[in-house]
> 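One structure, pasted below without further comment.
Scope of the values below: all heavy atoms of this structure, side chains included, with no hydrogens, waters or symmetry mates. Residue numbering restarts at 1 for every chain, and letters A, B, ... go by the order of the sequence lines.
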Protein chains: 2
Amino acid sequence: MTTRRVNLNTESVDNYLKAIFALGGPEEERVSSTALADRLGVAPASITNMLQKLAAAPVPLVEYESRRGVRLSTAGRRRALEILRHHRLLETFLYEVLGYPIEEVHAEAERLEHFISERFEERIDAKLGRPKFDPHGHCIPALNGKMSKQTSRPLSDIEEDGEFVVDSISDRDSVLLKRLNVHGITPGVRLRVLMSSRGEFVLRASGRFKSLQLSLSDAGAVRIRSIG
Amino acid sequence: MTTRRVNLNTESVDNYLKAIFALGGPEEERVSSTALADRLGVAPASITNMLQKLAAAPVPLVEYESRRGVRLSTAGRRRALEILRHHRLLETFLYEVLGYPIEEVHAEAERLEHFISERFEERIDAKLGRPKFDPHGHCIPALNGKMSKQTSRPLSDIEEDGEFVVDSISDRDSVLLKRLNVHGITPGVRLRVLMSSRGEFVLRASGRFKSLQLSLSDAGAVRIRSIG
DNA sequence: GGACCATTTTAGGTGTACCTAAATATTTAG
DNA sequence: CTAAATATTTAGGTACACCTAAAATGGTCC
Ligand SMILES: [Mn+2]
Ligand SMILES: [Mn+2]
Ligand SMILES: [Mn+2]
Ligand SMILES: [Mn+2]
């Protein structure tokens with residue numbers, strides 16, 4: 001009755017860990033099976049299956065109690081941050097060195113992040129001059145896994161007109177990303193925000209003439225901070 | 001009785017096609033199951049299984065008759081050349097742009113070749129100035145799949161002392177590759193060859209003091225052409 | 001022309017990562 | 001507090017890419 005050891009160095013495991021990390025938020029709260037199923041686009045039953053496997057490993061990658069959600073273990077968090085570092089370095093590299101359009105870097109990085117070696121990671125990091133942020137304004141985790149906390153808030157939380165600085169933009173919706181880019185809404189840019197009726201947001205980047213109207217849900221993809 | 005269609009866009013299929021292409025040689029001769037099993041490091045039974053699948057596809061990737069070996073179909077050759085182009089562009093890129101040591105480019109390219117997009121391929125090709133040869137001296141197939149025939153011969157075929165130009169060096173043995181590189185034996189270099197007793201080769205690159213002794217089998221990894 | 005031997009194929013499994021349907025537990029609402 | 005709704009897990013599949021062992025084939029050698 002030898003305990004058969006499973007192989008957890010797979011693209012799939014990477015993606016589960018990244019999803020748990022992302023959904024857990026800065027407080028690393030427990031994540032539900034449904035939320036994961038939704039994010040990863042797989043059936044809830046598949047989630048349960050994988051979580052049981054990740055939790056039962058010799059070095060568990062998650063803490064998991066049946067029906068009580070899941071959170072990353074220390075090893076799981078280390079691995080998630082490693083992949084996130086690959087992802088963001090790749091995005092920066094594709095954008096800066098290979099001249100990709102901003103809305104195309106994410107999909108390419110999403111695949112390659114699982115297959116580049118530590119040497120590749122080191123070489124592009126060096127070539128880019130050890131960047132701290134990716135082209136969407138997201139912080140790149142350091143080699144030791146350290147990552148500074150976000151001080152920004154979602155544009156969708158704003159309740160009054162005002163001026164802000166664009167902190168970062170989610171890379172998950174490439175159509176929206178391109179639309180924002182066309183209107184000059186990129187990380188670091190100064191932004192005038194007007195609340196229209198019915199929870200829509202009207203944005204204008206500094207130095208631009210054309211404004212852009214965003215739905216509440218699209219506004220959730222943009223993070224801002226106060227001018228300063 | 002619906003014919004279930006299989007997915008042939010996998011890393012595994014890529015590698016089978018590449019192996020058939022490489023083993024078939026310039027004449028694209030039929031390749032035996034054993035030769036493939038040997039090259040790919042899988043059991044002969046696995047080879048049979050995959051070949052049947054590749055041959056039975058709606059657009060067959062190989063021509064296969066039981067017990068008579070395989071060769072690539074037009075579609076299979078196209079795909080093999082596409083992957084070979086990825087591989088060699090990646091090697092050139094890793095070497096030229098990222099400063100990899102020559103003996104490390106192959107392993108990295110071997111993984112990444114299956115996962116880069118057409119955009120990535122195009123961007124590194126452009127960045128490198130549409131190179132025709134990779135850092136081992138191998139021809140990079142064109143976008144349309146055209147590739148010029150080799151005019152070189154293996155060093156191991158030489159039977160008398162002489163001077164030659166290094167054409168290319170196999171990338172499959174990284175230890176040998178590094179050893180050759182240390183002795184200045186790289187594509188384009190002028191090479192003095194002395195036949196020692198017992199089928200060993202003594203090489204000296206032009207402008208170098210130290211010679212290098214190579215076994216017959218290692219000499220098979222070096223291709224040369226006449227000076228001119 | 002038959003026996004032998006190497007090659008190749010068939011038959012029957014494995015582990016990974018999914019799936020659907022059914023069962024069960026938890027939460028919410030009346 | 002219970003019933004309905006929702007969330008989660010269990011049970012029983014599938015496809016892929018491997019594997020080993022056994023059977024079949026085909027060429028060689030006497
Ligand atoms: Mn991204
Ligand atoms: Mn991914
Ligand atoms: Mn190579
Ligand atoms: Mn490969």
> Give one of base, sugar-phosphate or nothing for A:Ser12, where a contact means two heavy atoms less than 4.0 Å apart.
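Since only primed, P, OP1 and OP2 atoms lie under 4.0 Å of A:Ser12, the category is sugar-phosphate.
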
> Considering non-hydrogen atoms only, spot the tightest contact between A:Tyr64 and A:Gly69 and give its length.
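Reported closest heavy-atom pair: CD1-O, 3.7 Å.
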
> With respect to the side chain of B:Ala43, which nucleotide from C:dT20, D:dC19, C:dC18 is positioned closest?
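Of the options given, the side chain of B:Ala43 lies nearest D:dC19.
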
> Could you tell me the separation between the CG atom of B:Asp14 and the P atom of D:dC16, rounded to a whole number of Å?
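It works out to 15 Å between those atoms.
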
> Counting only side-chain nitrogens and oxygens, does A:Ser33 get under 4.0 Å of the OP1 or OP2 atom of D:dT9?
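For D:dT9, OP1/OP2 do have a side-chain N/O of A:Ser33 under 4.0 Å.
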
> Among D:dA21, D:dG26, D:dT10, which is the nearest nucleotide to the side chain of A:Gln52?
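The answer is D:dT10.
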
> Would you kindly compare A:Ser66 and B:Leu51 by the position of their nearest DNA chain C nucleotide and give the one closer to the 5′ end?
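The residue closer to the strand's 5' end, by nearest nucleotide, is B:Leu51.
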
> Pick base, sugar-phosphate or nothing for A:Asn7, based on heavy-atom distances below 4.0 Å to the nucleic acid.
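The residue A:Asn7 makes sugar-phosphate contact but no base contact.
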
> Compare the minimum distances between each of D:dC18, D:dT9, C:dC18 and the side chain of B:Ser46, then state the nucleotide with the smallest one.
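Ranking D:dC18, D:dT9, C:dC18 by closest atom to the B:Ser46 side chain puts D:dC18 first.
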
> Starting at atom CD1 of A:Ile47, determine the distance to atom P of D:dT9, rounded to an integer number of angstrom.
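After rounding, the gap between these two atoms is 10 Å.
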
> Before you tell me yes or no, could you show the steps for B:His87 and B:Asp134 under side chain to side chain donor-acceptor pair (under 3.5 Å), namely the whole-Å CA-CA distance, both residues' side-chain angles and the distance that decides it to 0.1 Å?
CA-CA 9 Å; B:His87 184 93; B:Asp134 76 15; over 6 Å; no

> To the nearest angstrom, how far is B:Met50 atom CE from D:dC18 atom C1'?
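Atom-to-atom, B:Met50 to D:dC18, this comes out as 9 Å.
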
> Rounded to whole angstroms, how far apart are CZ on A:Arg30 and C1' on D:dA7?
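Going from A:Arg30 (CZ) to D:dA7 (C1'), I get 16 Å.
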
> Among D:dG26, D:dT20, D:dA17, which is the nearest nucleotide to the side chain of B:Arg67?
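Out of D:dG26, D:dT20, D:dA17, the nucleotide with an atom closest to B:Arg67's side chain is D:dG26.
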
> What nucleic acid atoms does A:Thr48 come within less than 4.0 Å of, heavy atoms only: base, sugar-phosphate, or nothing?
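Base, at least one base heavy atom under 4.0 Å.
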
> For a quick test of reading the model: is some side-chain N or O of B:Lys53 closer than 4.0 Å to OP1 or OP2 of D:dA17?
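Result: yes.
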
> Starting at atom CG of B:Leu40, determine the distance to atom C1' of D:dC19, rounded to an integer number of angstrom.
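My rounded result for the distance is 15 Å.
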
> Please work out if A:Gly69 contacts a base, only the sugar-phosphate, or nothing of the nucleic acid, heavy-atom cut-off 4.0 Å.
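Touches nothing.
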
> Rounding to a whole Å, what distance do you find between B:Arg68:CZ and C:dT9:C1'?
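One finds 16 Å between C1' of C:dT9 and CZ of B:Arg68, rounded.
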
> Starting from P on C:dA17, measure out to CG on A:Leu36 and report it in whole angstrom.
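After rounding, the gap between these two atoms is 15 Å.
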
> Shortest non-hydrogen contact from A:Glu103 to A:Leu177?
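The answer is CA-CD2, 3.8 Å.
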
> Let me confirm one number: the CZ-CG distance from A:Arg153 to A:Asp167, rounded to the nearest 0.5 Å.
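Rounded to the nearest 0.5 Å, the CZ-CG separation comes out at 11.0 Å.
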
> Between B:Glu65 and A:Asn49, who's closer to the 5' end of DNA chain C by nearest nucleotide?
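The residue mapped nearer the 5' terminus is B:Glu65.
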
> Checking contacts here: which listed nucleotide (C:dT16, D:dT10, D:dT20) is nearest the side-chain heavy atoms of A:Val6?
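Shortest atom-to-atom distance from the side chain points to C:dT16.
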
> Write down the atom of A:Asp14, the atom of A:His114, and the distance for their closest heavy-atom approach.
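A:Asp14 and A:His114 have their closest heavy atoms at OD2-ND1, 2.8 Å.
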
> Would you say D:dC16 has OP1 or OP2 under 4.0 Å from some side-chain N or O of B:Tyr16?
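Result: no.
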
> Which label fits A:Phe93 and A:Phe120: parallel for a plane angle under 30°, tilted from 30 to 60°, or perpendicular past 60°?
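Taking A:Phe120 first and then A:Phe93, their aromatic rings stand perpendicular (interplane angle over 60°).
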
